[in-house]
Amino acid sequence: MILKSNGSLLAAAALFGGVMAVAGAAHATSIGVQFVNASNTNSVALTAAQVAGAGSYAQSNWNVASSANQTSYTDAGGSAAYEGSLSTLTDGTTAATSVGANGGSVTFNYSDIHKFFTGYTIGASGDPSNTTTDANAILMSGAVENDTNSATKATVLEFGNVAPGSYNVVLYNVWQASNEFQASVNGGAPVDVWEQAGQTFGAESPNETWVTNPNPSASTDVSNYLVFNNISPDSNGNISLAFLKNSSSLAGSEGVNAIQLVSTPEPAPLALLALGGLGLMLLQRKTRMPA
């Protein structure tokens, strides 16, 4: 009987190991979009192999939204604006085409952008010939700008065809010191963002620092990235980030360098199922052992 119960124990271990392997396979996916100003040599696109991003959000295989691929139009207020889209996105985790709702790819659209511009300048003293291979500097080298003179026109950056689930949205911004804008996801409460000019990336200072300050109260509370946690797509499968000028800070330019959509998988139920099966088999083993 002991041999038989040991067989049950081995079966339980196999079940637990198999389910845990499935749970471990449920990795987080990360889709990143970098903005590039194609008209300026200081704004550079990352290569597929380069890894960039803040802390645990660093990824390779960034998708590029370039000013060379956009449509211009006149917005409702009579100002020039730009829009564009990426119909298929690469998953930074797997390097394959991202998988969204109904098996299709996640898409990306942007609208009411009023300028593609150079964000963080690559190279010492702004010399375009003095480039660097620092991936974080390259990530922040281009940006898109909201309307300079309006606190009512929101620039929209939208992921579409997103599968149901929970996601983190990561917003990257480096441009003007003491300038402020507001950002919100899927119509949620707006968050104040103070930008940090001259952030230390690349050749000018290799000791780069990622700083995040949700809801800062002063221009000294600078931030170069911001995370919106546990966001679900709306009924149309969209996750939209909108940003606009803060009404108290209309001078200067505010912009966004890059954005990420990161899934937050929850493998815990699978692990609990495995543990439950293991517990039952161990109980069976105990009841079968001789007194």
Side-chain angles (χ1 to χ4, degrees), residues 22-35 46 48 51-65 84-111 136 139-140 144 154-173 181-193 210-215 223-244 256-271:
V22 173
H27 56 260
T29 60
S30 181
I31 301 171
V33 177
Q34 172 201 12
F35 294 106
L46 289 159
V51 177
S56 62
Y57 293 107
Q59 67 163 84
S60 56
N61 301 293
W62 282 82
N63 301 273
V64 176
S85 63
L86 300 173
S87 58
T88 57
L89 299 177
T90 299
D91 180 341
T93 306
T94 66
T97 299
S98 61
V99 179
N102 304 316
S105 172
V106 176
T107 61
F108 183 73
N109 301 283
Y110 56 86
S111 59
N136 285 327
L139 175 67
M140 309 300 271
V144 288
T155 295
V156 178
L157 314 175
E158 181 176 83
F159 290 96
N161 198 43
V162 179
S166 178
Y167 300 84
N168 293 342
V169 177
V170 188
L171 173 70
Y172 293 89
N173 60 285
F181 67 89
Q182 292 184 328
S184 61
V185 174
N186 279 4
V191 174
D192 291 336
V193 180
W210 289 109
V211 182
T212 182
N213 272 308
N215 285 312
S223 178
N224 52 32
Y225 80 102
L226 184 66
V227 182
F228 294 82
N229 294 298
N230 302 317
I231 304 297
S232 297
D234 63 20
S235 58
N236 295 316
N238 299 326
I239 291 182
S240 301
L241 184 141
F243 71 98
L244 74 164
V256 169
N257 301 80
I259 186 172
Q260 283 174 295
L261 181 68
V262 183
S263 67
T264 55
E266 299 178 359
L270 290 173

Going by atom types only, do [X] and [Y] share a side-chain donor-acceptor pair under 3.5 Å?
{"X": "Ser105", "Y": "Ser98", "answer": "yes"}
{"X": "Thr97", "Y": "Thr88", "answer": "no"}
{"X": "Thr93", "Y": "Thr29", "answer": "no"}

- Query: Using 30° and 60° as the class limits, which term best fits the ring planes of Tyr225 and Trp210: parallel, tilted or perpendicular?
  - Reply: perpendicular

Looking at side-chain heavy atoms only, is the closest gap between [X] and [Y] below 4.5 Å?
{"X": "Pro233", "Y": "Tyr167", "answer": "yes"}
{"X": "Asp91", "Y": "Asn61", "answer": "no"}
{"X": "Tyr110", "Y": "Val33", "answer": "no"}
{"X": "Asn257", "Y": "Leu139", "answer": "no"}
{"X": "Phe108", "Y": "Asn63", "answer": "no"}

Closer than 3.5 angstrom, by distance alone: can the side chain of [X] be matched with the main-chain N or O of [Y] as a donor-acceptor pair?
{"X": "Asn109", "Y": "Ser85", "result": "no"}
{"X": "Asn168", "Y": "Ile231", "result": "no"}
{"X": "Tyr172", "Y": "Ala54", "result": "yes"}
{"X": "Asn186", "Y": "Ser240", "result": "yes"}
{"X": "Asn102", "Y": "Gly104", "result": "no"}
{"X": "Trp62", "Y": "Ala52", "result": "yes"}

Rounded to the nearest 0.5 Å, what separation is found between the [atom1] atom of [X] and the [atom2] atom of [Y]?
{"X": "Asp234", "Y": "Glu158", "atom1": "CG", "atom2": "CD", "answer": "7.0 Å"}
{"X": "Leu46", "Y": "Asn136", "atom1": "CG", "atom2": "CG", "answer": "8.5 Å"}
{"X": "Leu171", "Y": "Leu241", "atom1": "CG", "atom2": "CG", "answer": "5.5 Å"}
{"X": "Phe181", "Y": "Leu244", "atom1": "CZ", "atom2": "CG", "answer": "9.5 Å"}

Do you know the tightest heavy-atom contact between [X] and [Y]?
{"X": "Asn238", "Y": "Gly160", "result": "OD1-CA, 3.4 Å"}
{"X": "Ser30", "Y": "Gln260", "result": "OG-NE2, 3.4 Å"}
{"X": "Gly92", "Y": "Gln59", "result": "CA-NE2, 3.5 Å"}
{"X": "Ala189", "Y": "Ser184", "result": "O-CB, 4.0 Å"}

- Reference residue Phe243; test side-chain contact (heavy atoms from CB on, under 4.5 Å); the match among Asn173, Leu157, Val191: Leu157

